[in-house]
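Sharing a structure below in structure tokens format, with a few things to ask.
Values below: every heavy atom of this structure, side chains too, minus hydrogens, waters and symmetry copies.
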Amino acid sequence: MKGFEFMKTRYVDGIVLETESVELESNVLKITHKGMTAEELQAFYTQREKLQTIELLTPSDDVYGIRAGFVCYAGLNMFGEDITVSLVQEADKDSVRITKALADALAALTQATEANGTATMALQGTDLNTQEVNTLAAEVDYIAMMTGIE
């Protein structure tokens, strides 16, 4: 895959990052960023469950490609202001299944959190009291804690 310039990437939890380019070279996915520190990128790209599916977006947020399974952080290279993160696919089949399950849980949690925010706004105009609304919010927080996803 030839690299495309000036795009965005969206991850399982809905986070969108600006990227300079994305290239697939010898089974290594290389994503180049500008404007982020090496520490920020390393902290982000070592969260395997977020990387299970990476959507490649145009500047107008249209999906034009998807890269799945590149969950293993293989390092980064710095060239001036550009930092290129290298990701490889998981070799161990059990780890692939575990990472996929974590990614699915993270996606479900993200959807539940968004739904909780919408429900909380909707419930504030009903006869439910503040305690009931807080209880519903606490249930979503409990699910997040039990799945180990922040």
Side-chain angles (χ1 to χ4, degrees), residues 1-122 133-150:
M1 173 180 121
K2 181 91 170 132
F4 292 93
E5 303 274 327
F6 310 111
M7 60 169 49
K8 301 174 187 177
T9 48
R10 182 171 40 218
Y11 301 85
V12 170
D13 59 353
I15 289 178
V16 175
L17 297 179
E18 298 285 333
T19 59
E20 293 294 309
S21 67
V22 176
E23 296 181 37
L24 183 58
E25 183 178 299
S26 301
N27 291 325
V28 177
L29 187 64
K30 297 180 178 185
I31 304 173
T32 302
H33 296 275
K34 184 181 282 186
M36 295 180 75
T37 67
E39 292 80 13
E40 290 171 326
L41 291 171
Q42 184 174 7
F44 181 81
Y45 282 105
T46 53
Q47 299 177 53
R48 299 163 67 103
E49 66 277 1
K50 291 184 177 190
L51 307 176
Q52 182 61 36
T53 303
I54 301 172
E55 293 179 328
L56 309 178
L57 308 174
T58 64
S60 60
D61 291 338
D62 296 321
V63 176
Y64 72 86
I66 296 175
R67 294 288 170 243
F70 288 90
V71 298
C72 296
Y73 173 77
L76 56 86
N77 295 309
M78 299 172 65
F79 304 100
E81 293 181 21
D82 292 345
I83 301 175
T84 301
V85 175
S86 296
L87 301 172
V88 296
Q89 291 182 322
E90 182 69 64
D92 178 37
K93 292 185 186 280
D94 290 333
S95 293
V96 170
R97 287 195 299 263
I98 291 168
T99 301
K100 171 103 173 67
L102 287 171
D104 291 345
L106 179 59
L109 177 62
T110 301
Q111 289 177 344
T113 302
E114 290 170 1
N116 181 46
T118 302
T120 300
M121 289 189 316
V133 171
N134 289 339
T135 300
L136 290 172
E139 289 176 5
V140 170
D141 291 339
Y142 177 75
I143 292 169
M145 181 186 71
M146 293 305 294
T147 58
I149 299 172
E150 296 180 9

* Asked: Do Q89 and L29 touch side chain to side chain, with heavy atoms closer than 4.5 Å?
  ->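 No; the side chains remain at least 4.5 Å from each other.
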
* Kindly give the heavy-atom pair with the smallest separation between A38 and I83, and that separation in Å. =>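 Heavy atoms of A38 and I83 come nearest at N-CD1, 3.6 Å.
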
* Which value, rounded to the nearest 0.5 Å, describes the distance between Y45 atom OH and K50 atom NZ? ->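 Atom-to-atom, Y45:OH and K50:NZ are 11.0 Å apart.
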
* Tell me, yes or no, whether the heavy-atom count around D61 atom CG, taken from other residues, nucleotides or ligands under 6.0 Å, exceeds 12. =>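 Counting other residues, nucleotides and ligands, CG of D61 exceeds 12 neighbours.
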
* To do: Decide yes or no on ring pair (Phe, Tyr, Trp, His ring centres under 6.0 Å) for F44 and H33, but give the supporting numbers first.
  => CA-CA 12 Å; F44 181 81; H33 296 275; 8.0 Å; no

* Heavy atoms, side chains only, cut-off 4.5 Å: are N77 and D82 in contact? ->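 SC-SC contact between N77 and D82 ruled out.
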
* Do F70 and L24 come close enough that some side-chain heavy atom pair is under 4.5 Å? ->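 They are in contact (side-chain heavy atoms under 4.5 Å apart), so the answer is yes.
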
* **Contact check, side chains of L41 and Y73, non-hydrogen atoms, under 4.5 Å** =>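 Answer no - side chains too far apart.
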
* Any side-chain heavy atom of V88 sitting closer than 4.5 Å to one from N27? ->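 Answer no - side chains too far apart.
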
* Show your working on side-chain contact (heavy atoms from CB on, under 4.5 Å) between K30 and V28 and close with a plain yes or no. => CA-CA 6 Å; K30 297 180 178 185; V28 177; 4.0 Å; yes

* Asked: Heavy atoms, side chains only, cut-off 4.5 Å: are L17 and M36 in contact?
  ->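 Heavy-atom side-chain distance check passes, below 4.5 Å.
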
* **Inter-residue atom distance T84.OG1 - F79.CZ, 0.5 Å rounding** =>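 It is 5.5 Å, given to the nearest 0.5 Å.
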
* **I54/L87 under side-chain contact (heavy atoms from CB on, under 4.5 Å): CA gap, chis, key distance, verdict** => CA-CA 11 Å; I54 301 172; L87 301 172; 3.9 Å; yes

* Any chance you could measure E55, atom CD, to R67, atom CZ, to the nearest 0.5 Å? =>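 Reported value, rounded in 0.5 Å steps: 12.5 Å.
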
* Interatomic spacing from CD in E49 to CG in L51 - rounded to 0.5 Å ->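 CG of L51 is found 8.0 Å from CD of E49.
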
* Only one of I66, T53, L57 clears side chain to side chain contact (heavy atoms under 4.5 Å, CB included) with R10; which? ->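 The option that passes is L57.
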
* To do: Can you measure from CD (E18) to OG1 (T9) and round to the nearest 0.5 angstrom?
  =>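 Reported to 0.5 Å precision, the distance equals 8.5 Å.
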
* Asked: Any donor-acceptor pair under 3.5 Å linking the side chain of E40 with the backbone of T37?
  ->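 It does hold such a pair.
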
* Kindly compute the distance separating CD (E81) from CD (E20), expressed to the nearest 0.5 Å. =>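 So the gap between those two atoms works out to 9.0 Å.
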
* Asked: Just by distance, do the side chain of K8 and the backbone of P59 share a donor-acceptor pair under 3.5 Å?
  ->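 Side chain of K8 to backbone of P59, a donor-acceptor pair under 3.5 Å: yes, one is there.
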
